[in-house]
Visitor: 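The structure's right below; bear with me while I get my questions together.
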Amino acid sequence: MRRIVTPLSVAPWMAVLACTAVAGAARAQLSPDVAPVEPRKVEVSLTAARSSLALRAGTSTPVFSYNGTVPGPALEFFEGDEVVITFRNDLPVETTVHWHGFHVPFDADGSPFHPVAPGETYEYRFTVPRGTAGTYWYHPHPNHRTGPQVARGLYGAIVVRAADDPLAALPEQVLILSDNRLTEAGEIDLPDPHSMHGRRDRENGREGELLLVNGQVMPTLTIRSGEVQRWRVINASAGRSYRLALAGQTLLHVGSDGGLFERPVEVAELLVSPSERVEFLVRGTGAPGSSTVLQALPYDRYVPQTRPDNWNQTRGLATLTYSADTPMTPPMLPPTLRKVERIDTALATATRVVVLSQGLINGKQMDMSRVDVSSTVGATEIWQVENLVGMDHPFHLHGFRFQVIDRNGVPEPFASWKDAVNVPKHETARFIVTYDDFPGKWMFHCHILDHEDHGMMGILEVRSD
Ligand code: C2O
Ligand code: CU
Ligand code: CU
């Protein structure tokens, strides 16, 4: 049987299976063996509530969770699915659920425009578009409070599958990366914004020394010699970027935020900035019984004044253990994965220049009553995102996937679908986007949650005329 979940020793993911409360016409299958061709109706119930977790031995940490688990239940959809998510807010505070990277109607986006008050229920309805198979995630998006709610435990993975997935035969692992920090009493450390720690969090984006993979510290993943596994990695951290490597092995990079590339690319490491996703293949080149480590290599995204002292240390994220089984014959991999058509830059009717400085976009803080960029349904535009300051800012646009054209003038080597792009210190990235279908107001922002919460965000209005 194929699994998209990690065979961890302690498995919150097992709870996840039971928690994906699905009623109605079809189940949100977690291990589909036969891909459906007909569009399905999928119903999911999701409840955000307080619970507690044993994050440190001997203490219990009060958290916020979706359906009682951290991460929340892994959702799995097929392209074409008609989805209804009945969300209930049992938290003492206002929240929303945002389907990061999804192309959905305005009122289903879970942006700050549609808050859900404590005790209220909200129905998110959308159809999963064809061609969007990929790795996504969901998280709260209330005005000014996204960071603390994600830090308390509200985040979960979404996998969208295509009926003709060329890699369907490979075993899968979904890895959600996050980091956290606890107080001495074992509570999630969310300091006063005016304290020393609070100011550092606001500058850097909140980081913690607890590095978690699917809510676990240094879990063990297993592979068989010769086996090829497909890993989907989601960066759900508020500020931390991960320079991923598997000690002693290269990776086959096969996809980014919005799914597969045309062809696999062999790489030694992959940078995943906040909210980004990567898909890669791990080829089991080790001997039976051996092991290796999934590492976060040092990455300097910081300004020198607030750079953490240990930024230059390599950190372990998970152990990859080779089973004792005799090596298997590696499967044949398809030379091409799927067609990814480049959007023709000649179609662009405007270039939007977005200047990032510390905490501001085009010199302004976000204002819910202001429209920063105004356009119409169907328009194709180029966004030029310039980072003026000495710190990376991962830039994200809601509602519409885009293609990176170039980074600092260097053309993107191949086409891929993205919804977030890291703009390193003093660099510029350009992307092209078509505003398909949905009129509404769409946020664009830095995905360092502390920056977003403090107003490093703007509004794109797409009108239907
Ligand atoms: Cu994960 Cu406004 O986004
Ligand atoms: Cu988003
Ligand atoms: Cu930022």
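Scope of the values below: all heavy atoms of this structure, side chains included, with no hydrogens, waters or symmetry mates. What you are looking at is a predicted structure, and each value in this text was computed from that prediction instead of being measured. In each ligand, atom 1 is the first atom listed, and ligand 1 is the first ligand listed.
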Visitor: For H98 and P140, indicate whether the former's side chain and the latter's backbone hold a donor-acceptor pair under 3.5 Å.
Guide: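 Not a single qualifying donor-acceptor pair exists.
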Visitor: Parallel, tilted or perpendicular: which describes the rings of H393 and H451, with under 30° parallel and over 60° perpendicular?
Guide: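 Answer is tilted, since the angle falls between 30° and 60°.
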Visitor: Going through the checks in order, is the salt bridge (Lys or Arg N to Asp or Glu O under 4.0 Å) test met by R181 and E207?
Guide: CA-CA 7 Å; R181 203 169 73 216; E207 289 192 345; over 6 Å; no
Visitor: Using 0.5 Å steps for rounding, measure from the CZ atom of R232 to the CZ atom of F280.
Guide: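 Atom-to-atom, R232:CZ and F280:CZ are 12.0 Å apart.
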Visitor: Could you label the plane-to-plane angle of the H447 and H139 rings as parallel, tilted or perpendicular, counting under 30° as parallel and over 60° as perpendicular?
Guide: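 Geometry flag for H139 against H447: perpendicular rings.
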Visitor: Could you label the plane-to-plane angle of the F444 and F395 rings as parallel, tilted or perpendicular, counting under 30° as parallel and over 60° as perpendicular?
Guide: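 Taking F395 first and then F444, their aromatic rings sit tilted (interplane angle of 30° to 60°).
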Visitor: Can you tell me how far apart CD1 (I158) and OG1 (T135) are? Round to the nearest 0.5 Å.
Guide: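 It is 10.5 Å, given to the nearest 0.5 Å.
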Visitor: Ring-plane angle category for H398 and H141, please: parallel below 30°, perpendicular beyond 60°, tilted otherwise.
Guide: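 Rings of H398 and H141: perpendicular, as their planes differ by over 60°.
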Visitor: So, at under 2.8 Å, which protein N, O or S atoms would a careful student list around atom 2 (Cu) of ligand 1?
Guide: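 Less than 2.8 Å away from atom 2 (Cu) of ligand 1 sit H141 NE2, H398 NE2, H445 NE2.
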Visitor: The Cu ion (ligand 2): which protein N, O or S atoms are under 2.8 Å away?
Guide: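 Only H98 NE2, H396 NE2 fall inside 2.8 Å of the Cu ion (ligand 2).
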Visitor: As a test of understanding, state which of F87, F106, Y124 forms a ring pair (Phe, Tyr, Trp, His ring centres under 6.0 Å) with H114.
Guide: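 Going through F87, F106, Y124 one by one, the ring pair (Phe, Tyr, Trp, His ring centres under 6.0 Å) with H114 is satisfied by F106 alone.
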